[in-house]
**Q** 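Sharing a structure here in structure tokens format.
Note on naming: letters A, B, ... go to the chains in the order of the sequence lines (proteins, then strands), and numbering restarts at 1 for each one. In this text, all values refer to a predicted model and were calculated from it rather than measured experimentally.
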Amino acid sequence: MNQELARFLEMKQKQAKSREAIDWDLRRDQYRQAVDSLYEQIDKILGESGQRANLVLRRRPKELTENYLGTYSIDDLILLIGDEQVRFSPCGRNVVGSAGRVDVLGDRATAILVLGLESDWYWVASRQPELKTVRLDESTLADVLRLVMRD
Amino acid sequence: MNARPETQTLAEIIDWYDGISRALALQISAARSSSLNATNLYPRLFGMTEQELETYQDHQLAELDRLTVFSLVASVEAEIRLDFERRIIARLKDALSLDYRKWHGSLKNHKRRKPDFDEGGILGIMKRSGVIDAHLIGEFRECLRARHWIGHGRYFQRPAQMEKLDPYEICSRGNRLLQSLQNH
């Protein structure tokens, strides 16, 4: 066999093995778990705001399909404030530069939350000219809601 | 004929096109395999899903194709105009040059300085002279319509021919016409 071809095929086999080594089921489960934690965090922050009684939080299941992960069920979180709705909607585990993403869709805009290395969620405050991410907390959630909801 | 022309050959444009499209492919590939919190990642791609990456790449490539089509067609026009000037100035005696000169002589002063190119212009005379295969001129004219659409901000309906006119096709058509021109 041609040496070059043999080297190429060997390299492809190694690549395939390294892909196999990734536990995709585990990645998917970790992502779903992280999304659950995010929703609990939001519920907690809203509770601490003293306004929880005036808000409605609902979960709505949906299906996501991703390469290597297949099709799996995951929840959207719907936040109802008066006549406005904000939807926290998971987009996928396999996204560039982070371990998962949830979009926050309001009447005015969409914000992006991404999952960091330590299972913390971050708001992508800007992508350009420079990437700026801010850890999600009470203050950040307020910024996100201010951005996506009507004036 | 005032300043020195800064024309680009078709090969130079295609070389640029290949380089940029390869750089884009590398950028996307690097994004796909980027580790968490990678510092060398192009921020625009951060957080994109696989589908978004594909859409982004398709869009960038389509724009690159169009700009390249524009440059290629403009380059062929420049070559044809320079060839026209050479034939007029050198007072060449071949059939095409004679037809060019006769037509050029009939133009008003401002048109002589910058003669029309397509209909009723240099290409029209080239076709009428019968020296160059009319099919070569016709297939290049399709490219002109594509350039026109891009160059005028795409405010009117996209020419149907755009679908089959990628940079390599434009390059082939341009080369065929220029080669034929050189042979006469």
**Q** Who in residues 59-81 of chain B is close to chain A, using a strict under-4.5 Å heavy-atom cut-off?
**A** none
**Q** Counting neighbours of NZ on K114(B) that are heavy atoms of other residues, nucleotides or ligands and sit closer than 6.0 Å, is the number greater than 12?
**A** no
**Q** More than 12 non-hydrogen atoms from neighbouring residues, nucleotides or ligands closer than 6.0 Å to CZ on R58(A), yes or no?
**A** no
**Q** Taking all non-hydrogen atoms of both residues into account, name the closest pair between G97(A) and F46(B) and its distance.
**A** O-CE1, 3.3 Å
**Q** Non-hydrogen atoms of chain B under 4.5 Å away: do they reach the side chain of T133(A), the backbone, both or neither?
**A** side chain
**Q** When you group the ILVMFWY residues by side-chain heavy-atom contacts below 4.5 Å and let the links chain together, are L98(B) and I88(B) in the same group?
**A** no
**Q** Report, as yes or no, whether the 6.0 Å neighbourhood of atom CZ on R91(B) holds more than 12 heavy atoms from other residues, nucleotides or ligands.
**A** no
**Q** State, to 0.1 Å, how close P129(A) and P43(B) come at their nearest heavy-atom pair, and which atoms those are.
**A** O-CG, 4.4 Å
**Q** Should L38(A) and L105(A) be counted in the same cluster of Ile, Leu, Val, Met, Phe, Trp and Tyr side chains packed under 4.5 Å apart?
**A** no
**Q** For the OH atom of Y42(B) and the CD atom of Q128(A), what is their distance to the nearest 0.5 Å?
**A** 4.0 Å
**Q** Tell me, for N94(A) versus chain B, whether the close heavy atoms (under 4.5 Å) come from the side chain, the backbone, both or neither.
**A** backbone
**Q** Does CZ in R22(B) sit with more than 12 non-hydrogen atoms of other residues, nucleotides or ligands closer than 6.0 Å?
**A** no
**Q** Return yes when atom CD of Q157(B) has more than 12 non-hydrogen atoms of other residues, nucleotides or ligands closer than 6.0 Å, and no otherwise.
**A** no
**Q** Are M11(A) and L9(A) co-members of a hydrophobic cluster defined by side-chain heavy atoms under 4.5 Å apart?
**A** yes
**Q** Crowded around E54(B) CD? As in, over 12 foreign heavy atoms under 6.0 Å?
**A** yes
**Q** On a heavy-atom basis, which atom in V96(A) and which in L45(B) lie closest, and how many Å separate them?
**A** CB-O, 3.3 Å
**Q** Which atom pair, heavy atoms only, marks the closest approach of G47(B) to R101(A)?
**A** O-NH1, 2.7 Å
**Q** Where does E52(B) contact chain A at under 4.5 Å (heavy atoms): side chain, backbone, both or neither?
**A** side chain
**Q** Do Y168(B) and I170(B) belong to the same hydrophobic cluster, where Ile, Leu, Val, Met, Phe, Trp and Tyr are linked whenever their side-chain heavy atoms lie under 4.5 Å apart, directly or via other members?
**A** yes
